[in-house]
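Just so it is clear, the structure is predicted and the values come from calculations on it, not from any experiment.
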Amino acid sequence: DLNGCCRVGEFGDHALKEIGAFCPCLKYLDLTGCRHVHNDGLTAVAQGCQNLETLRLSGCDGVNGQGIMALCKYSKHLHTLMINGCETLRDVDVHVFRHAGFNGTLTSIDLSDCKQITNTGVIFICSSLGHSLRHLNISGCKITDAVCQPICALCEKLNALDLSKCRALTDNAVHTI
């Protein structure tokens with residue numbers, strides 16, 4: 001647990017490369033608030049820690065589609081991914097989930113406060129991962145009522161959906177859900 005260790009990655013992703021090299025049995029990693037974490041470090045963790053089940057990248061603004069692609073390729077046992085508060089994460093970055101090798105293991109994804117994620121990104125996540133998702137947190141994302149129908153249609157196993165702080169949603173969204 002490196003939660004709040006804001007200097008991790010400050011001199012490159014050396015610490016994460018060490019974790020990837022020497023912690024192959026790691027199942028849980030919390031990098032919340034480690035603002036200097038970048039794709040190279042995340043890739044090293046994904047390659048070396050292929051038994052990861054839970055990964056928290058909350059507020060890691062240096063992570064984008066390249067790092068997520070590494071997770072999709074190597075993290076076959078991942079069931080919880082929290083990338084909330086990553087303000088630089090965009091719709092194009094989540095398109096890499098189409099290459100996900102999770103085989104139904106990823107059941108929870110938190111994209112809350114990823115302010116550049118819109119309907120397009122959410123629909124893409126649902127079409128790529130919806131068959132296994134049980135928890136989806138998209139609070140604070142730039143979504144509209146139009147995203148609710150695809151969520152309901154593509155995420156049949158969903159039992160928790162957080163839409164708080166989505167200011168463009170209306171009563172129509174509630175009715176659809």
Side-chain angles (χ1 to χ4, degrees), residues 1-4 6 28-39 42 46 52-72 75 78-102 104-177:
D1 187 343
L2 295 170
N3 184 343
C6 60
Y28 175 90
L29 182 58
D30 187 347
L31 296 171
T32 299
C34 298
R35 296 217 170 263
H36 299 286
V37 170
H38 293 87
N39 294 319
L42 184 56
L52 265 181
E53 294 176 357
T54 301
L55 180 60
R56 297 177 62 119
L57 297 170
S58 307
C60 296
D61 287 334
V63 174
N64 62 28
Q66 180 185 346
I68 294 171
M69 175 66 93
L71 289 174
C72 291
S75 301
L78 197 65
H79 62 76
T80 302
L81 178 60
M82 301 180 82
I83 46 181
N84 53 305
C86 295
E87 295 179 0
T88 59
L89 200 67
R90 302 167 307 162
D91 289 337
V92 69
D93 295 321
V94 298
H95 281 188
V96 299
F97 281 117
R98 73 177 173 269
H99 301 293
F102 300 123
T105 60
L106 189 64
T107 59
S108 179
I109 189 163
D110 185 344
L111 292 163
S112 60
D113 297 316
C114 292
K115 298 181 186 323
Q116 295 188 54
I117 299 293
T118 68
N119 290 358
T120 302
V122 172
I123 291 170
F124 201 84
I125 287 170
C126 291
S127 64
S128 300
L129 305 171
H131 62 281
S132 64
L133 282 181
R134 294 189 189 320
H135 175 265
L136 178 61
N137 187 341
I138 49 176
S139 67
C141 292
K142 288 170 79 174
I143 60 169
T144 65
D145 293 346
V147 79
C148 293
Q149 179 61 37
I151 289 173
C152 292
L154 297 168
C155 302
E156 295 176 355
K157 295 180 181 178
L158 204 62
N159 58 32
L161 175 63
D162 190 340
L163 300 170
S164 58
K165 300 187 294 182
C166 295
R167 302 199 190 302
L169 294 181
T170 68
D171 289 344
N172 291 333
V174 176
H175 177 71
T176 299
I177 294 170

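Residues satisfying the side chain to side chain contact (heavy atoms under 4.5 Å, CB included) criterion with Met82, sequence neighbours excluded, are Arg56, Ser58, Thr80, Asn84, Asp110. Looking at residues two or more places apart in sequence or on another chain, you find a salt bridge (Lys or Arg N to Asp or Glu O under 4.0 Å) between Glu53 and Lys27. Scanning for side chain to side chain contact (heavy atoms under 4.5 Å, CB included) contacts around Gln66 gives Asn39, Asp40, Asn64, with sequence neighbours left out.
For the pair Cys86 and Cys60, the tightest heavy-atom approach, listed with the atom from each and the gap, is SG-O, 3.5 Å. Taking every heavy atom of both residues into account, Cys141 and Cys166 meet most closely at O-SG, 3.8 Å. What you find for His95 and Arg98 is that their closest heavy atoms are O-NH1, 3.1 Å. Considering all non-hydrogen atoms of both residues, Cys114 and Gly85 come closest at SG-N, 3.9 Å. When every heavy atom of Arg35 is checked against every heavy atom of Asp61, the shortest pair comes out as NH1-OD2, 2.9 Å.
Contact annotation: the side chain of Leu89 approaches that of Leu111 to within less than 4.5 Å [non-hydrogen atoms, C-beta and beyond]. Residues Thr54 and Leu29 fail the side-chain proximity criterion, which asks for heavy atoms closer than 4.5 Å. Looking only at side-chain heavy atoms (C-beta outward), Ile68 and Ile83 come within less than 4.5 Å of each other.
Panel note: side chain Thr105, backbone Leu78; a donor-acceptor pair is recorded below 3.5 Å. Judged by distance alone, with hydrogens and angles left aside, the side-chain atoms of Asn137 form a donor-acceptor pair with the main-chain N or O of Ser139 at under 3.5 Å.
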Practice prompt. Let me see the working for Leu163 and Val174 under side chain to side chain contact (heavy atoms under 4.5 Å, CB included), right down to the final yes or no.
Written response: CA-CA 10 Å; Leu163 300 170; Val174 176; over 6 Å; no

Item to complete: Give the intermediate values and the outcome of side chain to side chain contact (heavy atoms under 4.5 Å, CB included) for residues Phe97 and Ile109.
Response: CA-CA 12 Å; Phe97 281 117; Ile109 189 163; 3.7 Å; yes

Worksheet item: Could you walk me through whether Thr32 and Leu57 pass the side chain to side chain contact (heavy atoms under 4.5 Å, CB included) check?
Response: CA-CA 5 Å; Thr32 299; Leu57 297 170; over 6 Å; no

Practice prompt. Before giving the answer on side chain to side chain contact (heavy atoms under 4.5 Å, CB included), spell out for Ile143 and Thr118 the whole-Å C-alpha distance, their side-chain angles and the decisive distance to 0.1 Å.
Written response: CA-CA 5 Å; Ile143 60 169; Thr118 68; 5.7 Å; no

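To the nearest 0.5 Å, atom CG of residue Asp30 and atom CG of residue Leu55 are 8.5 Å apart. Interatomic distance, NZ of Lys142 versus CD of Gln116, reported as 7.0 Å (0.5 Å rounding).
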Validation: residues 145-161 side-chain donor-acceptor distances under 3.5 Å, sequence neighbours left out:
from, atom 1, to, atom 2, distance (Å)
Asp145, OD1, Thr170, N, 2.8
Asp145, OD1, Thr170, OG1, 3.4
Asp145, OD2, Thr170, OG1, 2.3

Under 3.5 Å, sequence neighbours excluded: what are the donor-acceptor pairs made by side chains of residues 123-133?
from, atom 1, to, atom 2, distance (Å)
Ser127, OG, Ile123, O, 3.2
Ser127, OG, Phe124, O, 3.0
Ser128, OG, Phe124, O, 3.0
Ser132, OG, Leu106, O, 2.7
Ser132, OG, Leu129, O, 3.3

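Residue pairs that meet the salt bridge (Lys or Arg N to Asp or Glu O under 4.0 Å) test with at least one member in residues 162-177, sequence neighbours left out, are Asp113-Lys165.
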